[in-house]
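Working notes, beginning with the structure itself.
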Amino acid sequence: MSSVRVTLPDGSTREYDHEVTPLDVAKSIGTGLARAAVGATVDGKVVDLNTPLAGDTAVSILTDRSPEALEILRHSTAHLMAQAIKRLYPEACFGVGPVIDNGFYYDVDIDSRLTPEDLPRIEKEMRRIIKQNVAVERRELPRDEALAAFRAAGDPYKVELIEAIPAGETISTYGQGEFVDLCRGPHVPTTGKIRHFKLQSIAGAYWRGSEKNKQLQRIYGTAFFTKEELEAHLHMLEEAKRRDHRRLGRELDLYHLQEEAPGMVFWHPNGTRIWEAVEGYVREVIGHHGYQEIRTPMIVDRSLWERSGHWDKFREMMFTTESEAREFAVKPMNCPCHIQVFNQAVRSYRELPLRLAEFGSCHRNEPSGTLHGLMRARNFVQDDAHIFCTEQQIGEEVVAFIRLVFEVYETFGFGAPLIKLADRPEQRVGSDEVWDRAEAALRHALAEVGADYELNPGEGAFYGPKLEFSLKDSLERVWQCGTIQVDFSMPGRLDATYVGEDNAHHTPVMLHRAILGSIERFIAVLIEHYGGAMPPWLAPVQAIVLPISERHRGYAEQVGRRLGDAGIRVEVDRHDEKVGAKIRNAQLRKIPYMAVVGDREAEETKVALRLRDKGDQGSMDIDSLSDRICAAVRSRTTEL
RNA sequence: GCCGACGUAGCUCAGCCGGUAGAGCAGCUGAUUUGUAAUCAGCAGGUCGCAGGUUCAAACCCUGUCGUCGGCUCCA
């Protein structure tokens with residue numbers, strides 16, 4: 001046996017003259033480390049703790065603090081769950097069981113239909129296996145042997161998975177007790193390492209995601225290293241449920257949906273006020289950035305959609321209507337109409353870049369199963385704009401847009417967006433050189449503003465590559481909202497031209513861009529981000545005057561008028577209730593400013609201010625309150 | 001669109017083995033005149049999503065359909 005030389009992350013080296021594993025290395029460093037060890041990386045590759053080491057290697061022990069370790073833990077928990085299920089349902093076959101964001105799932109095929117009540121039983125069996133502290137062992141084996149084993153076990157899905165593994169790749173299984181699963185690994189060394197987990201839900205999922213295949217039962221779960229983390233995560237899920245915009249939309253009387261118009265929103269007065277604040281702000285800020293607003297028809301003859309290419313690709317998603325033997329389509333997007341506006345004049349290169357914006361109402365006949373409150377609707381308004389420019393201008397326009405997105409998201413109370421560059425998809429129009437240039441322009445723009453980004457390969461639109469901007473909400477959830485897409489194709493298809501310096505006609509490049517995306521969806525994100533407690537500038541009702549008793553009604557009305565005259569969205573509570581009840585109602589409606597008025601205030605023409613999140617603030621002049629609210633609204637701060 | 005669950009008053013929900021619908025909150029009326037998260041009482045409110053079917057009898061069983069929810073798939 002040749003000696004093993006191990007280099008640790010701190011640069012130190014250790015030599016062994018016998019066979020060692022990362023676990024041995026960890027033990028030789030300290031028993032604490034060995035106890036905390038979950039896996040290891042060897043030359044950058046994540047492996048099991050009991051992987052034999054050979055030669056000269058860089059080893060790093062993964063403890064419960066490293067993100068890779070959490071993945072290992074969750075993956076092992078998925079196996080543990082499978083083992084428990086197999087014990088309870090011996091006929092069980094398994095599909096795939098990967099780690100996902102925040103947890104894992106495993107697809108199972110069993111005869112009986114699982115219900116949420118079955119999950120505690122499975123959890124109980126899992127705990128039993130944890131207590132037994134079963135060793136988890138990796139085994140590498142030749143393809144035919146693996147096939148034979150899983151065929152013998154009567155596991156059709158695993159056989160199919162093995163067949164899909166490219167030749168030359170190592171095939172490995174992990175065994176724990178009587179349970180053996182096909183798996184790349186790595187895993188925790190023993191089931192005892194798993195402690196804090198929870199099985200969460202069951203859902204149907206097709207084998208390999210195709211509805212032609214059998215539907216399996218997918219069980220979702222999650223696992224953490226500490227009880228606190230698990231509880232925090234479960235609490236976060238509760239919080240997400242509490243903040244669900246569909247629930248808050250009803251509770252705060254913002255909007256409703258009904259059967260007769262599936263996926264299309266009826267905005268109530270409160271929701272409309274939020275809408276107006278959002279739209280008004282974007283209108284203001286894009287005005288400063290050189291956009292001009294236009295309005296275009298909602299229903300357009302089919303021929304335009306044929307020329308734009310949408311009819312061919314997205315016909316099933318378009319609503320159509322007909323009149324006088326002509327077929328029309330309700331617009332699913334605004335771009336063809338914007339090109340019509342562009343085309344209404346002979347354009348000079350001096351006019352470029354021409355930025356045409358529209359809060360355009362679009363309809364897309366989304367499959368019924370995908371509808372989800374405001375998040376996924378069939379009718380939505382985009383904060384859309386199309387920038388007509390030369391190819392040379394793409395770079396600076398994209399740079400300006402990225403800065404604009406940062407500015408807008410910050411105003412709405414979000415941090416810096418995550419950016420993805422989506423490049424050419426398989427189905428596309430346009431030559432490869434054109435795509436090369438477009439993708440390069442986006443990369444250069446990102447470099448110029450110094451923004452970090454990820455590549456999203458093959459996810460571009462059919463007409464061009466795009467940048468996608470996602471924001472992170474207060475529960476750390478990521479929402480894709482903004483986008484800018486280069487389009488070398490549609491202006492040409494729809495005959496857009498401009499006269500260049502050379503007096504010749506040229507086809508402009510078009511940039512499709514949206515900051516918020518769908519306003520419906522963006523408002524949903526805002527509602528969930530703020531849990532319905534909107535900052536003053538977005539709050540449907542910014543202030544409410546609460547008279548202590550009926551005899552203070554007159555003064556309350558007076559205060560309400562003063563605030564209303566200052567442009568504040570204010571209400572007076574006229575219910576015959578005690579203040580406590582009025583305050584409770586105002587709190588539940590998440591109104592930021594409450595002005596309590598009784599004898600003392602009426603005498604001194606003052607108000608007692610109560611803040612939504614800070615309680616009683618004592619008395620102040622009506623004008624100071626008015627100024628304070630106006631200042632908060634004007635500055636669009638989240639502070640009250 | 002696919003699979004599953006669900007659909008009862010404005011909202012949240014009860015309603016057993018099929019016997020003809022109930023609560024709390026909200027609303028209205030009255031009493032009360034209130035000082036920082038729920039004053040009391042009364043009243044009113046439902047073709048039990050919709051359409052068929054089975055049955056002496058259907059909120060309940062069956063079929064279809066629409067919608068919602070959870071996933072899957074999709075998202076120009």
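Values below: every heavy atom of this structure, side chains too, minus hydrogens, waters and symmetry copies. Within every chain, numbering begins at 1; the chains are lettered A, B, ... in the order of the sequence lines, protein sequences first and strands thereafter.
A:Phe380 meets the ring pair (Phe, Tyr, Trp, His ring centres under 6.0 Å) test with no other residue; sequence neighbours excluded. Remark: A:Asp473 pairs with A:Arg477, A:Trp479 by the side chain to side chain donor-acceptor pair (under 3.5 Å) rule, at least two apart or across chains. For A:His529, the ring pair (Phe, Tyr, Trp, His ring centres under 6.0 Å) test picks out A:Phe414, with sequence neighbours left out. Take A:Trp207 and apply the ring pair (Phe, Tyr, Trp, His ring centres under 6.0 Å) test, not counting sequence neighbours, and it matches A:Tyr157. By the ring pair (Phe, Tyr, Trp, His ring centres under 6.0 Å) test, A:Tyr593 pairs with no residue at all, sequence neighbours left out. Every residue two or more places apart in sequence or in another chain that forms a side chain to side chain donor-acceptor pair (under 3.5 Å) with A:Arg574 is listed here: A:Glu557.
As rounded to whole Å, 10 Å separates atom P of B:G35 from atom CD1 of A:Ile583. Distance CG (A:Asp616) to C1' (B:U36): 6 Å, rounded to an integer number of Å. Rounded to whole angstrom, the span from the CD atom of A:Glu251 across to the C1' atom of B:C25 amounts to 12 Å. One interatomic measurement links the two molecules: CG of A:Asp573 to C1' of B:U36, which rounds to 13 Å at whole-angstrom precision.
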#### Entry: Contact pattern, 5' to 3', of nucleotides 9-14 of chain B - B, S or - by protein heavy atom under 4.0 Å
--SS--
### Task
Produce a footprint string for nucleotides 67-76 of chain B: one letter per nucleotide, 5' end first; B if the base is under 4.0 Å from any protein heavy atom, S if only the sugar-phosphate is, - if neither.
S-SSBBBBBB
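At least one test fails for A:Arg74 against the ring of A:Phe104: distance under 6.0 Å to the centre or angle within 45° of the axis.
Looking at heavy-atom distances under 4.0 Å, A:Ala586 makes no contact with the nucleic acid at all. Using a 4.0 Å heavy-atom distance criterion, A:Val596 is classed as a base contact. Contacts of A:Asn585 with the nucleic acid, taken as non-hydrogen atoms under 4.0 Å apart, are absent.
Checked against B:U34, B:G35, B:A38, the side chain of A:Glu601 finds its nearest nucleotide in B:G35.
A 4.5 Å side-chain heavy-atom check between A:Ile219 and A:Ile85 finds at least one atom pair inside the cut-off.
The glycosidic torsion of B:C60 lies more than 90° away from 0, placing the base in the anti range.
Among pairs with a residue in residues 603-615 of chain A, those fulfilling side chain to side chain donor-acceptor pair (under 3.5 Å) read A:Gln587-A:Arg610, at least two apart in sequence or across chains.
Taking the P atom of each, B:A44 and B:C62 are spaced 36 Å apart, rounded to whole Å. For the C1' atom pair drawn from B:C61 and B:G30, the interatomic distance equals 47 Å after rounding to whole Å. Between B:C40 and B:A21, the distance separating the two C1' atoms is 28 Å to the nearest Å.
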Please set out all donor-acceptor pairs under 3.5 angstrom arising from side-chain atoms of residues 510-521 of chain A, sequence neighbours excluded.
residue, atom, partner, partner atom, Å
A:His512, ND1, A:His386, NE2, 3.1
A:His512, NE2, A:Asp487, OD2, 2.8
A:Arg513, NH1, A:Tyr291, OH, 3.2
A:Arg513, NH2, A:Asp383, O, 2.9
A:Ser518, OG, A:Glu520, N, 3.3
A:Ser518, OG, A:Arg521, N, 3.0
A:Glu520, OE1, A:Val381, N, 2.8
A:Glu520, OE2, A:Val381, N, 3.4
A:Arg521, NH2, A:Gln480, O, 2.2

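Side-chain contact, A:His575 with A:Asp573: a donor N or O sits under 3.5 Å from an acceptor N or O.
Between the side chain of A:Arg610 and the base of B:U36 there is at least one donor-acceptor pair of N/O atoms closer than 3.5 Å.
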For nucleotides 27-30 of chain B, tabulate all protein N/O to nucleotide N/O atom pairs closer than 3.5 Å, reporting atom names and distance.
residue, atom, partner, partner atom, Å
B:G27, OP1, A:His575, NE2, 3.3

#### Entry: Full working for side-chain contact (heavy atoms from CB on, under 4.5 Å) between A:Leu374 and A:Val265
CA-CA 7 Å; A:Leu374 300 177; A:Val265 185; 3.5 Å; yes
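Ion pairing between A:Glu160 and A:Arg208 holds under the 4.0 Å rule for side-chain N and carboxylate O.
The number of heavy-atom neighbours closer than 6.0 Å to NZ of A:Lys198, taken from other residues, nucleotides and ligands shown, is 12 or below.
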### Query
Which dot-bracket string fits RNA chain B when only Watson-Crick or G-U wobble pairs with both atom distances under 3.5 Å count, crossing pairs get [ ], and | stands for a partner on a different strand?
(((((((..((((.....[..)))).(((((.......))))).....(((((..]....))))))))))))....
